[in-house]
Amino acid sequence: MAASSFSIFQPYSLSVKPKTPTPPNPPPKCHSFPIKASTHSTPSPTPPKHTVSKPRRPADENIRDEARRNNHIHSHRFSAKYVPFNADASASTESYSLDDIVYRSQSGGLLDVQHDMAALKNYDGKYWRDLFDSRVGKTTWPYGSGVWSKKEWVLPEIDSDDIVSAFEGNSNLFWAERYGKQFLGMNDLWVKHCGISHTGSFKDLGMTVLVSQVNRLRKMNRPVVGVGCASTGDTSAALSAYCAAAGIPSIVFLPANRISIAQLVQPIANGAFVLSLDTDFDGCMRLIREVTSELPIYLANSLNSLRLEGQKTAAIEILQQFDWQVPDWVIVPGGNLGNIYAFYKGFHMCKELGLVDRIPRLVCAQAANANPLYLHFKSGWKDFKPVKANTTFASAIQIGDPVSIDRAVYAIKKSNGIVEEATEEELMDAMAQADSTGMFICPHTGVALTALIKLRNSGVIGPTDRTVVVSTAHGLKFTQSKTDYHSKNIKDMASRFANPPVHVEADFGSVMDVLKKYLLSKAPKH
Ligand SMILES: Cc1ncc(COP(=O)(O)O)c(C=O)c1O
Ligand SMILES: N[C@@H](CCOP(=O)(O)O)C(=O)O
């Protein structure tokens with residue numbers, strides 16, 4: 001059906017009228033945790049009580065009911081609004097409520113969620129560290145989520161009752177002991193497993209925020225009939241799962257034959273309306289932007305800056321997992337380039353609010369077959385040119401015209417960062433080597449590991465530098481590429497670390513022969 005003939009919905013117009021921001025709410029009379037209600041001086045709050053157990057909720061009450069019952073103690077002391085990304089604050093008065101449906105500034109630029117930092121600064125770094133630490137691993141709604149445990153920094157004004165969460169986040173920060181020592185001579189190498197998550201990628205972190213806000217907008221009778229995205233497979237999986245949990249229709253635009261079967265089946269299983277389009281991701285992205293400006297479909301891609309508010313919590317979580325010590329490097333695979341900025345923003349907020357005293361250097365890693373940011377970086381940040389993205393095993397980052405290019409450039413510059421690239425052979429070899437040390441990573445993480453290998457070999461990253469590689473999706477979504485690699489089925493690739501199964505006759509003698517040979521090859525050499 002052509003968009004113009006679509007008439008069953010109410011007229012749908014995007015709000016682009018600048019508004020004066022709502023002033024922050026006054027401090028509350030009572031709190032869910034003990035703090036001094038002063039907006040003028042830094043309070044010295046008593047840390048949240050870790051040891052006092054709360055009474056068990058009544059048997060007929062669930063955790064959402066319990067949060068509702070306690071709602072009166074969760075006052076809205078903090079606020080946030082959309083502002084043009086990287087605008088000169090003294091020159092721009094443009095801003096929007098987060099309840100507006102708006103994705104771009106008046107000039108057509110990106111937006112950013114700006115928090116009332118003055119209100120947040122009323123509490124010192126120790127206060128925030130203690131508060132966030134006190135919520136880890138709990139089931140209290142919604143703080144059991146690694147995203148919503150930082151609610152004041154994410155969507156401060158949303159009612160906990162409107163939140164749609166799968167208790168995402170709190171993902172494993174894995175000490176890559178053997179990989180680091182054996183392949184890189186490093187003893188402080190870590191992998192942040194953001195893909196060990198509800199739908200198997202870091203997208204859950206942003207999607208819980210976006211779908212929660214949509215849930216709120218629908219309760220406010222705002223014109224949002226469904227939520228849509230273009231996707232290389234992970235955004236669509238997260239969107240469809242969170243929408244399904246909330247009973248909200250989801251629509252996903254996928255580039256036909258360019259995503260893994262596991263990723264394709266996720267939105268299908270979750271009941272999304274799936275359009276398979278004969279174009280690449282960039283073509284899908286152009287279409288969803290056009291469609292969402294005509295129809296009451298809310299845009300769920302990271303062009304929508306709400307998503308990045310959730311994704312930034314992975315950075316805060318890394319600091320928290322290191323007891324608020326700052327790593328030297330964080331390496332993030334980049335495609336549409338929202339996530340690298342989200343990491344920067346999370347780290348930067350922690351510094352600005354006094355939780356840490358510096359931020360790590362960021363590395364954005366791209367597939368050489370889809371490397372517009374890398375080329376831009378190598379040109380010394382001369383004119384940015386989108387590229388035609390070629391096929392890559394890192395299919396979720398096969399993106400040539402990233403919507404968040406300006407955000408990524410900002411993040412790299414502000415963090416004294418670096419952009420690296422990985423060829424197909426490099427990323428597949430890195431993935432296979434990492435898997436051989438007990439991981440089971442996705443090809444995008446292979447891209448990030450390749451960047452690390454290159455920076456170690458050139459001496460930019462030192463052997464004792466504390467380094468975090470962000471693993472963005474679960475390896476189980478990409479079993480076909482692993483199977484092809486280990487079967488040595490990939491044209492023009494040596495598959496040096498392939499470990500194919502050995503076919504053996506099913507008799508004792510044959511099995512013994514093969515095993516003896518294997519054990520001899522593995523026996524320690526004296
Ligand atoms: C698994 C995976 N890794 C990395 C990325 C890159 O993230 P971003 O688009 O925010 O750069 C994506 C999506 O683009 C992804 O799905
Ligand atoms: N890898 C992404 C591409 C779209 O990125 P987004 O963060 O802008 O939604 C995907 O999985 O679709």
Side-chain angles (χ1 to χ4, degrees), residues 103 110 192-197 199-207 209-210 227-241 252-255 258-260 262-264 266-267 272 280-282 284-285 288-289 292 299-308 310-312 314 331-345 362-367 370-374 389 392-405 407-409 411-412 419 422 427 431 441-449 451 469-478 481:
Y103 315 117
L110 294 163
K192 176 67 172 164
H193 277 301
C194 293
I196 301 180
S197 176
T199 70
S201 87
F202 72 95
K203 305 286 178 174
D204 293 342
L205 304 175
M207 210 51 83
V209 176
L210 185 131
V227 192
C229 72
S231 184
T232 52
D234 290 321
T235 298
S236 43
L239 176 66
S240 51
V252 306
F253 288 12
L254 302 178
R258 285 178 166 91
I259 70 171
S260 76
Q263 289 171 310
L264 174 61
Q266 287 184 285
D280 55 11
F281 170 80
D282 296 302
C284 291
M285 191 69 222
I288 194 76
R289 282 170 68 171
T292 51
L299 180 66
N301 284 101
S302 59
L303 175 63
N304 187 327
S305 44
L306 278 182
R307 279 262 314 278
L308 306 182
Q311 289 173 210
K312 81 182 179 199
I331 308 178
V332 186
N336 221 11
L337 299 180
N339 209 28
I340 186 77
Y341 176 68
F343 269 89
Y344 168 77
K345 191 170 182 184
L362 297 181
V363 179
C364 188
Q366 294 210 292
N371 61 355
L373 181 69
Y374 176 77
T392 166
F393 283 106
S395 53
I397 54 175
Q398 190 186 330
I399 298 173
D401 190 6
V403 299
S404 286
I405 181 69
R407 292 175 175 141
V409 171
I412 295 295
V419 187
L427 74 91
M431 177 174 79
I441 59 167
C442 69
H444 320 85
T445 311
V447 172
L449 285 174
V469 169
V470 177
S471 178
T472 44
H474 203 296
L476 283 172
K477 290 194 185 200
F478 299 94
S481 56

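Order of listing sets the numbers, starting from 1, for every ligand and every atom in it. We count residues from 1, following the sequence as given.
- Polar contact with ligand 1: absent for Ile399 (N/O pair, distance under 3.5 Å).
- Contacts of Thr232 classified as side chain to side chain contact (heavy atoms under 4.5 Å, CB included), with partners at least two apart in sequence or in another chain: Phe281, Ala396, Ile399.
- Under the 4.5 Å side-chain criterion, counting only non-hydrogen atoms from C-beta, Met207 is not in contact with Thr199.
- Shown are Leu337, Leu303, Asp282, Asn301; of these, the side-chain contact (heavy atoms from CB on, under 4.5 Å) with Val403 is made only by Leu303.
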Using side chain to side chain contact (heavy atoms under 4.5 Å, CB included), reason through Phe393 and Ser481 one step at a time and then give a plain yes or no. CA-CA 7 Å; Phe393 283 106; Ser481 56; 3.6 Å; yes
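- Judged purely by atom type and a 3.5 angstrom limit, Ser395 has no side-chain atom pairing as donor or acceptor with the backbone of Thr392.
- Closest protein heavy atom to atom 9 (O) of ligand 1: Asn336 N, 2.7 Å.
- Taking all atoms of both residues into account, the shortest heavy-atom contact from Ala451 to Ala365 is CB-CB, 3.8 Å.
- Nearest protein heavy-atom contact of atom 8 (P) of ligand 1 is Leu337 N, 3.4 Å.
- Of the protein's heavy atoms, Asp234 OD2, 3.0 Å lies nearest to atom 1 (C) of ligand 1.
- Of all protein heavy atoms, the one lying nearest to atom 10 (O) of ligand 1 is Asn339 N, 2.8 Å.
- A side-chain donor-acceptor contact under 3.5 Å links Arg307 to the backbone of Ala300.
- Not a single donor-acceptor pair under 3.5 Å links the side chain of Asn336 to the backbone N or O of Gly338.
- The ligand atoms of ligand 1 that sit less than 4.0 angstrom from a heavy atom of Ala473 are 1 (C).
- Atoms of ligand 1 lying under 4.0 Å from any heavy atom of Ile397, numbered from 1 in the order shown and given with element: 4 (C), 5 (C), 6 (C), 12 (C).
- By the 4.5 Å heavy-atom criterion applied to side chains, Ser305 and Leu110 are not counted as neighbours.
- Those atoms of ligand 1 that come under 4.0 Å of a heavy atom in His444, given as number and element, are 1 (C), 3 (N).
- When each atom of ligand 1 is checked for a heavy atom of Gly338 under 4.0 Å away, the hits are 8 (P), 10 (O), 11 (O).
- Annotation: atom 14 (O) of ligand 1 to nearest protein heavy atom, Ala396 O, 3.3 Å.
- Tyr103 places a side-chain N or O within 3.5 Å of a backbone atom of Leu299 that can act as its donor or acceptor partner.
- Any N or O atom pair closer than 3.5 Å counts here, and Phe202 shares no such pair with ligand 1.
- Contacts between Lys203 and ligand 1, counted as non-hydrogen atom pairs separated by less than 4.0 Å, involve the side chain only.
- Residue-ligand proximity, Pro333 to ligand 1, at heavy-atom distances under 4.0 Å covers atoms 4 (C), 6 (C).
- The 4.0 Å heavy-atom shell around ligand 2 contains residues Lys203, Ser231, Thr232, Gly233, Asp234, Thr235, Phe281, Asn301, Ser302, Arg307, Asn336, Ala396, Ile399, ordered by chain and number.
- Ligand 1 is never approached by Lys477 to a heavy-atom distance shorter than 4.0 Å.
- With hydrogens and angles disregarded, a donor-acceptor distance shorter than 3.5 Å links the side chain of Gln366 to the backbone of Tyr374.
- A side-chain contact (heavy atoms from CB on, under 4.5 Å) with Leu449 is found for one member of Leu427, Ile331, Ile441 and no other, namely Ile441.
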Side chain to side chain contact (heavy atoms under 4.5 Å, CB included) between Thr472 and Cys194, intermediate numbers included: CA-CA 5 Å; Thr472 44; Cys194 293; 5.6 Å; no
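- The shortest heavy-atom distance from Cys442 to ligand 1 is not under 4.0 Å.
- The only option from Gln311, Lys312, Lys203 that meets the side-chain contact (heavy atoms from CB on, under 4.5 Å) definition with Asn339 turns out to be Gln311.
- For ligand 1, the atoms lying closer than 4.0 Å to a non-hydrogen atom of Thr472 are 1 (C), 2 (C), 3 (N), 4 (C).
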